[in-house]
Asks: 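Please find one structure pasted underneath; my questions will follow.
Values below: every heavy atom of this structure, side chains too, minus hydrogens, waters and symmetry copies.
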Amino acid sequence: DTAVSQTPKYLVTQMGNDKSIKCEQNLGHDTMYWYKQDSKKFLKIMFSYNNKELIINETVPNRFSPKSPDKAHLNLHINSLELGDSAVYFCASTPGLAGRQETQYFGPGTRLLVL
Amino acid sequence: AQSVSQHNHHVILSEAASLELGCNYSYGGTVNLFWYVQYPGQHLQLLLKYFSGDPLVKGIKGFEAEFIKSKFSFNLRKPSVQWSDTAEYFCAVNFNDYKLSFGAGTTVTVRA
């Protein structure tokens with residue numbers, strides 16, 4: 001009965017590879033997010049989708065491409081991985097579009113290590 | 001520019017001690033305020049939130065926070081911590097837009 005799930009939990013890969021992280025929520029929420037948490041634990045939003053439409057696209061290299069096949073899924077594909085991409089990536093969701101006063105429900109995170 | 005700052009990077013205290021974590025933001029308009037907690041090996045979860053009304057809000061596990069508008073602050077408090085409060089604590093602010101901006105987090109270590 002996991003609310004927000006991510007796969008894989010751990011990902012170790014070589015520089016230059018392409019990888020994907022998947023996120024699914026079974027809460028019936030309309031909006032999903034990707035956050036990056038760096039080695040200093042700083043959390044920064046990357047993308048947000050509402051009902052499969054992109055609504056937030058922060059300053060992120062275009063090697064990162066989100067895809068939302070339906071409102072319950074938001075995947076993150078990363079091309080040509082670099083050392084600096086090593087981080088923990090969190091998926092989250094909120095019930096509505098605005099998300100201003102809504103609690104964000106986070107997934108367990110995906111630890112990505114680029115060698 | 002809008003920003004969120006947490007003053008304490010790492011706080012170490014003993015069980016039964018009182019805890020206060022600072023959070024300040026820079027923005028003159030309406031904000032929505034949150035504290036999230038990340039226990040070791042777990043995902044982030046909401047501790048408490050403030051949108052309007054009584055500036056003293058109570059959350060789960062005995063935590064509370066006070067919004068002081070004149071100081072642009074939303075400090076988190078707990079009168080008596082337990083070993084199980086060891087975690088990473090994040091202040092987050094919604095600056096009346098579609099996203100949350102997080103502070104850098106405070107690591108709290110409670111010694112038994």
Asks: Which bit of A:Ile45 comes within less than 4.5 Å of chain B, counting heavy atoms only: side chain, backbone, both or neither?
Replies: side chain

Asks: Flag yes if more than 12 heavy atoms outside A:Arg63 fall under 6.0 Å of its CZ atom; otherwise flag no.
Replies: yes

Asks: Could you check whether atom NZ of A:Lys52 has more than 12 heavy atoms from other residues, nucleotides or ligands sitting under 6.0 Å from it?
Replies: no

Asks: Could you walk me through whether A:Tyr35 and B:Leu100 satisfy the side chain to side chain contact (heavy atoms under 4.5 Å, CB included) test, starting with their C-alpha distance in whole Å, then the side-chain angles of each, then the deciding distance to 0.1 Å, before giving a yes or no?
Replies: CA-CA 10 Å; A:Tyr35 289 87; B:Leu100 272 186; 3.8 Å; yes

Asks: Looking at B:His43, B:Lys49, B:Gln42, B:Gln45, which makes the most heavy-atom pairs under 4.5 Å with chain A?
Replies: B:His43

Asks: Given the rule that I, L, V, M, F, W and Y join up when any side-chain heavy atoms are under 4.5 Å apart, are B:Leu19 and B:Tyr39 in one cluster?
Replies: yes

Asks: Please say yes or no: joined through hydrophobic side-chain contacts below 4.5 Å, possibly via intermediate residues, are B:Phe34 and B:Val93 part of one cluster?
Replies: no

Asks: Could you look at B:Glu88 and say if it's the side chain, the backbone, both or neither that has a heavy atom under 4.5 Å from chain A?
Replies: side chain

Asks: For A:Gln104 and B:Tyr36, run side chain to side chain contact (heavy atoms under 4.5 Å, CB included): C-alpha distance rounded to whole Å, both residues' side-chain angles, the deciding distance at 0.1 Å, then the answer.
Replies: CA-CA 9 Å; A:Gln104 299 222 351; B:Tyr36 282 85; 3.4 Å; yes

Asks: Check whether any side-chain heavy atom of A:Lys41 lies under 4.5 Å from a side-chain heavy atom of B:Phe90, and answer yes or no.
Replies: yes

Asks: Measure B:Gln38 against the heavy atoms of chain A and call it side chain, backbone, both or neither at under 4.5 Å.
Replies: side chain

Asks: Between B:Phe72 and B:Val4, is there a shared hydrophobic cluster once you connect ILVMFWY residues whose side-chain heavy atoms come closer than 4.5 Å?
Replies: yes

Asks: Does A:Glu53, at its CD atom, have more than 12 non-hydrogen atoms belonging to other residues, nucleotides or ligands within less than 6.0 Å?
Replies: no

Asks: Could you tell me the separation between the CD atom of B:Gln6 and the CZ atom of A:Phe42, rounded to the nearest 0.5 Å?
Replies: 9.5 Å

Asks: At a heavy-atom separation under 4.5 Å, does A:Tyr105 approach chain B through its side chain, its backbone, both, or neither?
Replies: neither

Asks: So does B:His9 have more than 12 non-hydrogen atoms from other groups sitting under 6.0 Å from NE2?
Replies: no

